[in-house]
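In each ligand, atom 1 is the first atom listed, and ligand 1 is the first ligand listed.
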Amino acid sequence: MSLEKVTVRTFRKMKEKGEKIAVLTAYDYFTARSLDEMGIDSILVGDSANMVFYGAKTTLSITLEQMLYHTQAVSKAVKRALVIGDMPFLSYQTSISKAILNAGRFLKEGGADGVKIEGGKEMIETISRLIEVGIPVMGHIGMTPQSIGKLGGYSVQGKEEKKAQYLLESAKILEEAGCFSIVLECIPKELAKKITSSLKIPTIGIGAGPDCDGQVLVVNDILGLYEEFKPKFVRRYAELGKEIKKACKNYIEDVKEKKYPAEEESY
Ligand code: KIV
């Protein structure tokens, strides 16, 4: 692993070399530092924080201030990975000038290297302006959780020809506008492959099969720290939720049974 800072140019070069891009979410200093030390290419400070960190049912209610707080904690820890701040619901949809000011805060105050914005070709004016003023943008199409109301639930997108066409067109327009990468969430693997091969910028898949240029998952999901729901595409690499409960149970028992603190743990 090169120790050089990952930039948006590194992303593009990795695609050219056929080198897969590994991305995870993080919301706090310790996790971000661990991921960075282990060689993650990019950390997304996702608005999924609202669900897996805060316990909400959707991503919708997280505020810009809360996202900035998480982004600062992550940026403080990271030396190498590309840090992307996820723009929360209604922080970029109401006007282009608000989108610029809010996205700029992720860079100026959050220490992020870029921002992620949900939406396809309908978001193009906003995305183009952000890129024009110098803010690197990652697109996000397919199952976009901020549109959960409109989509009617967390379901695979782009199964029908018309929607698949919209997603392919959107991806091309996002690339033309200057996005440095695009997240493809919950779309059929054949469609993800087609989109990936028609773009020069890397696609980062989540529930979009093996042919994307990179993969992203929510860190709590891979660590077994989110027990409410496990989508089909999640692979668990640890069961930390169970470990935490076991450790806490042991501590409680030790206190109740006067086994903690021992002599050597006392002054
Ligand atoms: O908020 C998030 O974590 C995301 C990823 C799952 C792509 O948007």
Distance only, no hydrogens: is a donor on one side chain within 3.5 Å (strictly under) of an acceptor on the other, for Gln215 and Lys20?
-> no
Compile the donor-acceptor pairs under 3.5 Å between side chains in residues 167-179 and protein atoms, sequence neighbours left out, one pair per line.
from	atom 1	to	atom 2	distance (Å)
Glu169	OE1	Lys121	NZ	2.4
Ser170	OG	Lys121	N	3.1
Ser170	OG	Tyr166	O	2.9
Glu175	OE2	Lys200	N	2.5
Glu175	OE2	Ile201	N	2.9

Criterion side chain to side chain contact (heavy atoms under 4.5 Å, CB included) against Tyr92, the qualifying member of Val137, Val115, Ile117 = Ile117
Name the orientation class of the two ring planes belonging to Tyr27 and Phe53 (parallel below 30°, tilted from 30 to 60°, perpendicular beyond 60°).
-> tilted
Which protein N or O atoms sit under 3.5 Å from any N or O of ligand 1? Give atom names and distances.
from	atom 1	to	atom 2	distance (Å)
ligand 1	1 (O)	Asp47	N	3.1
ligand 1	1 (O)	Asp47	OD1	2.9
ligand 1	1 (O)	Ser48	N	3.0
ligand 1	1 (O)	Ser48	OG	3.3
ligand 1	1 (O)	Asp86	OD2	3.1
ligand 1	3 (O)	Ser48	OG	2.5
ligand 1	8 (O)	Lys116	NZ	3.1

Any idea which heavy atoms bring Phe233 and Leu217 closest together, and the distance?
-> CD1-CD2, 3.6 Å
Decide yes or no on salt bridge (Lys or Arg N to Asp or Glu O under 4.0 Å) for Glu65 and Arg105, but give the supporting numbers first.
-> CA-CA 10 Å; Glu65 301 305 324; Arg105 290 187 69 190; 2.9 Å; yes
